[in-house]
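Below, all heavy atoms of this structure are taken into account, side chains as well, without hydrogens, waters or symmetry copies. Labels below follow one simple rule: chain letters A, B, ... track the order of the sequence lines, proteins then strands, and each chain is numbered from 1. All values derive from a computational prediction rather than experimental measurement.
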Amino acid sequence: MLSIYNTLSRKKEEFKPIDPNEVKIYVCGPTVYDYFHIGNARSFIMSDIIRRYLEYKNYNVKFVMNLTDVDDKIIKKSIEEKRSSNKVAEDYITAFMEDIAKLKIKKASVYPKATEHMTDIVDLIKALESKGYAYNIEGNVFYDVAKFKDYGKLSGKKTDDLEVGARIEINEEKKNPLDFSLWKKAKEGEPYWDSPWGNGRPGWHIECSAMSCKHLGETFDIHAGGNDLIFPHHENEIAQSEAAHDKKFVNYWIHFGFLNINNEKMSKSLGNFFTAREILKLYPAEAIRLAFAQTHYGGPLNFSDDLLASAQKGLEKLNNLTEKILEELKHAPAGGVLPDLEISEFKQNFESAMDDDFNTPQASAVIFDFVREVNKAISENQNLGAEFYSGLLEFLRKTAEGVLGILDIKSITDKEHGALESDLIELLIKLRTDAKQNKNYALSDKIRDELKALGVILQDSKEKTTYKISKN
RNA sequence: GGCGCUGUAGCCAAGCGGUCUAAGGCGAAGGUCUGCAAAACCUUUAUUCGUCGGUUCGAAUCCGACCGGCGCCUCCA
């Protein structure tokens, strides 16, 4: 049984999708005015793991991530760079897709863009207006927060408290400082769309309400995003969608903790960020994913080089074992020995960890327990059967690779060199082994050193010498 | 001021009433293997969970106070 911590109730709840076979998820995607940073990547990666686990559990997952491609920041950037805001958005969408792919994040079912949903957005605002939740002041349309009695139910805020403590700039036009823009009147030089209130563009919050409804329906299962979106963004989405449709908007709200740097939130405005692409030049996606998976998604995580370095180090263990399994699978006899190791137990532990509000730290601990126990079994037994090894591989394929995305079996299979190269290396190893047997250590060490200089690392074990290509 | 998160070994981090003399990763120390080395693998590594009280047969886990870190209330994943 899967349980999920729901921000709405502040409790773990049993997960029951509306349709028993299909899960509908909406995750707030990027505003495409820049490369996304590694803190944003945490939300994307964690929502990817959630999605993958639901698929592991045989749900059909409809996963929607919006792209905000019209916004103040994009306009600002387009002015700075003297090119159309369309072009700015387009370029960063391309970059976004590249980075997402490098992080091994599965593609969403749909990436709806705000600019392609103007009709839906306008219709939604019209519906709110006709129900008395919106008011128009000279082409600027605002949501009337006072009309929505449940306002604050997600963030736990009371409108009174907000009014007292808020640092909201008083806008003379608005009835209430909490009211937010649904439609912004176009200013000189800005992109605009036609609407019943005149030329303008949508506010940020309404996009998500309109697009989630369009692609997932008026009520759907899971809505996820960063902690900082709880208020006001998600609160406003609820206000818009529930006021317009008179039904519950979302059943489960999931929020991700921040990635901090020196215990401070990583953010564009503080300037203390690294882009995901920078980090991807230093570490493989698997290391980044493991580093994130080793902390629960809801808590804060302090980002550092050390964090990624130790994750990468840990990953080598997993890769070594996988490599060993693949190697053994080539020779292992059918019907060989089956050691006393219950793969099903690890599978069960993995599932119960993930079932408990996606406890990825526990789940990755299960993977490492598995690695240790398998290594032990391999060293204690001889002549292990092919059936055993393929069972191991199957487990890793489904869990470490399939759900957590911390293993890439194919990259281990595809050695980065051709058949000729591997034959030549094998030849040198053979010559070195002969030299060793003749106790010509000067020569054997020379071969080892020269190969190392070329990035080929030899590893002697009892029966044979193997090699590894080190990536520079 | 309001709302929320958080404090567990040298570092990162699960656990949230008994199976905890507390997972897992990094690091460190031993060991196996080896001509040597490297790698790999194995083993060990917190009687203790910010502090002080309380509840309980029993608390890292619940309650209270205090101390410390962070975030949201303005765009932000």
> Distance check: side-chain N/O of A:Lys265 vs OP1/OP2 of B:C72, anything under 4.0 Å?
Replying inline: yes

> Just to confirm, is there a sub-4.0 Å distance from OP1 or OP2 of B:A39 to any side-chain nitrogen or oxygen of A:Asn320?
Replying inline: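 False: A:Asn320 side-chain N/O out of range (4.0 Å or more) of B:A39 OP1/OP2.
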
Taking any heavy-atom pair under 4.0 Å as a contact, classify [X]: base, sugar-phosphate, or nothing.
X	value
A:Gly298	nothing
A:His255	nothing
A:Ser379	nothing
A:Leu290	nothing
A:Leu307	sugar-phosphate
A:Met266	base
A:Ser444	base

>> Side chains of A:Thr465 and A:Asp460: any donor to acceptor distance under 3.5 Å?
In response: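 Present: a donor and an acceptor within the cut-off.
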
> Can a donor-acceptor pair be found between the side chains of A:Tyr35 and A:Glu278 at a distance below 3.5 Å?
Replying inline: no

> Quick one: which of B:C5, B:A14, B:C75 gets closest to the side chain of A:Pro300?
Replying inline: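 Output: B:C5.
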
> To the side chain of A:Pro232, which of B:C75, B:A39, B:G2 is closest?
Replying inline: B:C75

Side-chain-base donor-acceptor pair under 3.5 Å for [X] and [N]:
X	N	result
A:Asp460	B:A37	yes
A:Lys376	B:C42	no
A:Arg448	B:A38	no
A:Asp445	B:G35	yes

>> So that I can tick it off, tell me whether A:Arg448 and A:Asp445 are bridged by a salt bridge, with the cut-off set at under 4.0 angstrom between side-chain N and carboxylate O.
In response: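 Answer for the salt bridge query: yes.
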
> For A:Tyr441 and B:G35, do the ring centres fall under 5.5 Å apart while the planes stay under 30° apart?
Replying inline: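 A:Tyr441 ring centre within cut-off of B:G35 base, planes near parallel; stacks.
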
Suppose you measure atom [atom1] in [N] against the same atom in [M]; what distance do you get, rounded to whole Å?
N	M	atom1	answer
B:U55	B:A22	P	27 Å
B:G15	B:A9	P	16 Å
B:U61	B:C16	P	12 Å

> Distance under 6.0 Å and angle within 45° of the ring axis: does A:Lys106 meet both against A:Phe63?
Replying inline: no

> Given the side-chain rings of A:Tyr33 and A:Tyr92, with only the six-membered ring counted for Trp, is the space between their centroids under 6.0 Å?
Replying inline: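 A:Tyr33 vs A:Tyr92: aromatic centres not under 6.0 Å.
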
> Does B:G53 have a Watson-Crick or wobble partner in any strand here, with both distances under 3.5 angstrom, and which is it?
Replying inline: B:C63

> Paired with B:A22: which nucleotide, if any, by Watson-Crick or G-U wobble criteria at under 3.5 Å for both distances?
Replying inline: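 With both distances under 3.5 Å required, B:A22 matches none.
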
Just the table, please: protein N/O against nucleotides 22-24 of chain B N/O, every pair under 3.5 Å.
from: B:G24; atom 1: OP1; to: A:Arg372; atom 2: NH1; distance (Å): 3.2

> Which atom pair, heavy atoms only, marks the closest approach of A:Val371 to A:Lys317?
Replying inline: CG1-O, 4.1 Å

